[in-house]
Structures are given as C-alpha cells and as structure tokens.
Amino acid sequence: GLDIATAREKEYRLLLKKIGVLFQGAALLGSLTVGENVALPFAEHRGMSLRDVETLVRLKLATVNLSGYENHYPAEISGGMAKRAGIARAMALNPAILFFDEPSAGLDPVTSAELDDLILTLNKVFKTTMVIVTHELSSIHAVADRAVVLDKKRQGVAAIGAPAVLAAESRDPVVSRFFNPRGERKD
C-alpha cells in the first residue's frame with residue numbers, strides 16, 4: 001500500500017527493513033569478512049551494542065549452516081557458501097519478504113539442490129514470503145508453490161499457477177516450451 005516513488009524518507013526506510021534481497025552473485029563485499037557482510041544491515045541501528053550485533057551475526061550464519069565462518073573472507077569460501085552468507089545478510093533484519101535473484105546461478109546441481117532445501121526450510125521455519133527469479137526448472141518444481149511465467153513479446157505475464165499444473169496442462173506455447181523445452185510433455 002506504499003507508493004515508493006512518492007514515499008517520505010522515513011516511510012521508505014521502514015519499508016526497506018521489511019525486505020531482504022539475495023543478489024545473483026551474493027554481492028558480498030570482498031574487503032569485509034563474512035560476519036562483517038552479514039552485519040551490514042545492522043549499521044542503521046545505532047542503539048545496538050557490538051556484542052548484540054556479533055550474537056545476531058552468529059545466529060544468522062548458524063541459520064544458513066555457516067557457523068564458524070564469521071572471520072573468513074568471501075574469497076575463502078565456495079560459491080554455495082557465499083550464496084548462504086548472502087541469505088544470512090538478507091535475513092538479518094527478519095524481513096517479511098525475501099527476494100532471490102537466480103539463487104542457484106553458477107552452482108553445480110548438488111549445491112543447487114541443497115540451496116533449494118535451505119530455502120524451503122527457511123520458508124517453513126520463518127514463514128517469510130519468498131519471491132524467486134529463476135530459470136532453473138528443477139528449482140521451480142522444488143520450491144515454488146506458484147510460478148509466474150513472463151513473456152518478453154507480450155511484455156507481461158503469460159501464466160500464473162502451480163508449476164506442475166503449468167507444465168502438464170498449459171496450452172500456451174510460451175509456457176509449454178518453458179516447462180517442457182524438449183517437448184517432453186505427457187498429455
């Protein structure tokens with residue numbers, strides 16, 4: 001209900017606290033440790049003690065299975081670990097909505113599946129709304145309750161629905177081709 005283009009600064013900042021983002025490349029700052037990266041969102045909260053911030057950072061890292069990596073630099077961890085650290089940072093302020101931009105981009109299939117499992121667990125535990133932009137069919141089927149298929153030519157939505165239903169029943173050629181790129185649909 002808030003128009004961010006016309007929102008006052010205070011309203012806009014309050015809205016931003018309700019949103020977390022995992023960028024495609026995790027967007028960790030290489031000159032900061034993993035812990036310092038996760039602590040970045042707390043910088044706005046001047047009333048928090050350093051001890052409280054450190055405790056919250058450890059808690060967020062434990063939530064994504066990265067306990068003990070607070071003092072590692074991004075270059076010292078794997079791509080999957082960097083994505084998980086990015087999720088910890090995105091979750092720092094306990095947002096109501098998490099946005100993920102291609103969370104499994106650049107990851108091998110096993111690590112991608114593990115990340116999908118983590119996303120499902122976080123969703124179940126924290127009841128956070130998650131919006132995921134992805135082209136990975138396996139991830140869509142694994143984590144999505146509802147999928148929105150966008151069509152560039154229409155400059156809009158081609159379909160909305162449960163991934164399995166869209167894959168099996170859509171008669172729209174764009175949707176059918178996306179979910180069944182090799183024409184493997186079973187009618």
Side-chain angles (χ1 to χ4, degrees), residues 1-136 139 142-144:
L2 178 66
D3 181 349
I4 62 171
T6 60
R8 291 189 172 100
E9 181 72 20
K10 186 176 180 180
E11 294 172 317
Y12 183 69
R13 288 192 175 279
L14 287 173
L15 175 68
L16 290 181
K17 290 180 183 178
K18 298 177 183 179
I19 298 170
V21 179
L22 172 67
F23 298 97
Q24 186 171 1
L28 299 177
L29 300 175
S31 61
L32 300 179
T33 65
V34 169
E36 290 167 335
N37 270 281
V38 175
L40 283 173
F42 298 115
E44 294 292 316
H45 300 284
R46 290 176 173 72
M48 293 182 71
S49 71
L50 181 58
R51 175 180 276 175
D52 288 344
V53 170
E54 288 172 348
T55 299
L56 287 170
V57 165
R58 283 193 303 276
L59 177 66
K60 296 302 177 179
L61 287 172
T63 301
V64 297
N65 304 314
L66 284 177
S67 292
Y69 285 91
E70 302 85 45
N71 298 314
H72 287 70
Y73 285 89
E76 299 173 327
I77 61 176
S78 70
M81 293 168 82
K83 297 277 185 159
R84 294 196 321 259
I87 293 171
R89 183 182 57 203
M91 294 178 56
L93 299 177
N94 300 321
I97 302 171
L98 280 173
F99 289 94
F100 296 83
D101 182 15
E102 298 281 358
S104 58
L107 300 179
D108 63 82
V110 172
T111 304
S112 293
E114 290 170 351
L115 192 61
D116 289 343
D117 291 342
L118 175 62
I119 289 169
L120 286 170
T121 299
L122 295 174
N123 179 255
K124 184 183 287 184
V125 170
F126 295 103
K127 307 290 188 223
T128 303
T129 298
M130 298 185 175
V131 178
I132 303 169
V133 175
T134 186
H135 296 88
E136 299 289 334
S139 289
V143 302

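Just so we're clear, the structure is a prediction, and the values are computed from it rather than from any experiment. All heavy atoms count here, side chains included; hydrogens, waters and symmetry mates do not.
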Looking at every non-hydrogen atom in both residues, tell me the closest pair between [X] and [Y] and how far apart they are.
X      : Y      : answer
Pro103 : Leu115 : O-CD2, 3.2 Å
His72  : Ile77  : CB-CG2, 4.1 Å
Ala26  : Leu22  : CA-CD1, 4.1 Å
Ala105 : Gln24  : CB-NE2, 3.5 Å
Leu15  : Ile4   : CD2-CG2, 3.2 Å
Glu136 : Ser104 : CG-OG, 3.3 Å

Is there side-chain contact between [X] and [Y], with at least one heavy-atom pair below 4.5 Å?
X      : Y      : result
Phe126 : Leu98  : no
Thr33  : Glu70  : no
Thr121 : Lys124 : no
Leu40  : Leu29  : yes
Lys60  : Asn94  : yes
Phe99  : Val133 : no

Can you list the residues that meet the side chain to side chain donor-acceptor pair (under 3.5 Å) rule with [X], with sequence neighbours excluded?
X      : result
Asp52  : Ser49
Asp116 : Ser139
Thr111 : Asp108

So, taking the atom named [atom1] in [X] and the one named [atom2] in [Y], what distance separates them when rounded to the nearest 0.5 Å?
X      : Y      : atom1 : atom2 : result
Glu9   : Leu14  : CD    : CG    : 10.0 Å
Thr129 : Lys18  : OG1   : NZ    : 12.5 Å
Leu56  : Met91  : CG    : CE    : 12.0 Å
Leu122 : Asp117 : CG    : CG    : 11.0 Å
Leu66  : Lys83  : CG    : NZ    : 14.0 Å
Ile119 : Thr134 : CD1   : OG1   : 9.0 Å

N/O donor-acceptor pair under 3.5 Å between [X] side chain and [Y] backbone:
X      : Y      : result
Glu114 : Ser112 : no
Arg84  : Asn65  : yes
Lys17  : Leu93  : no
Arg89  : Ala27  : yes

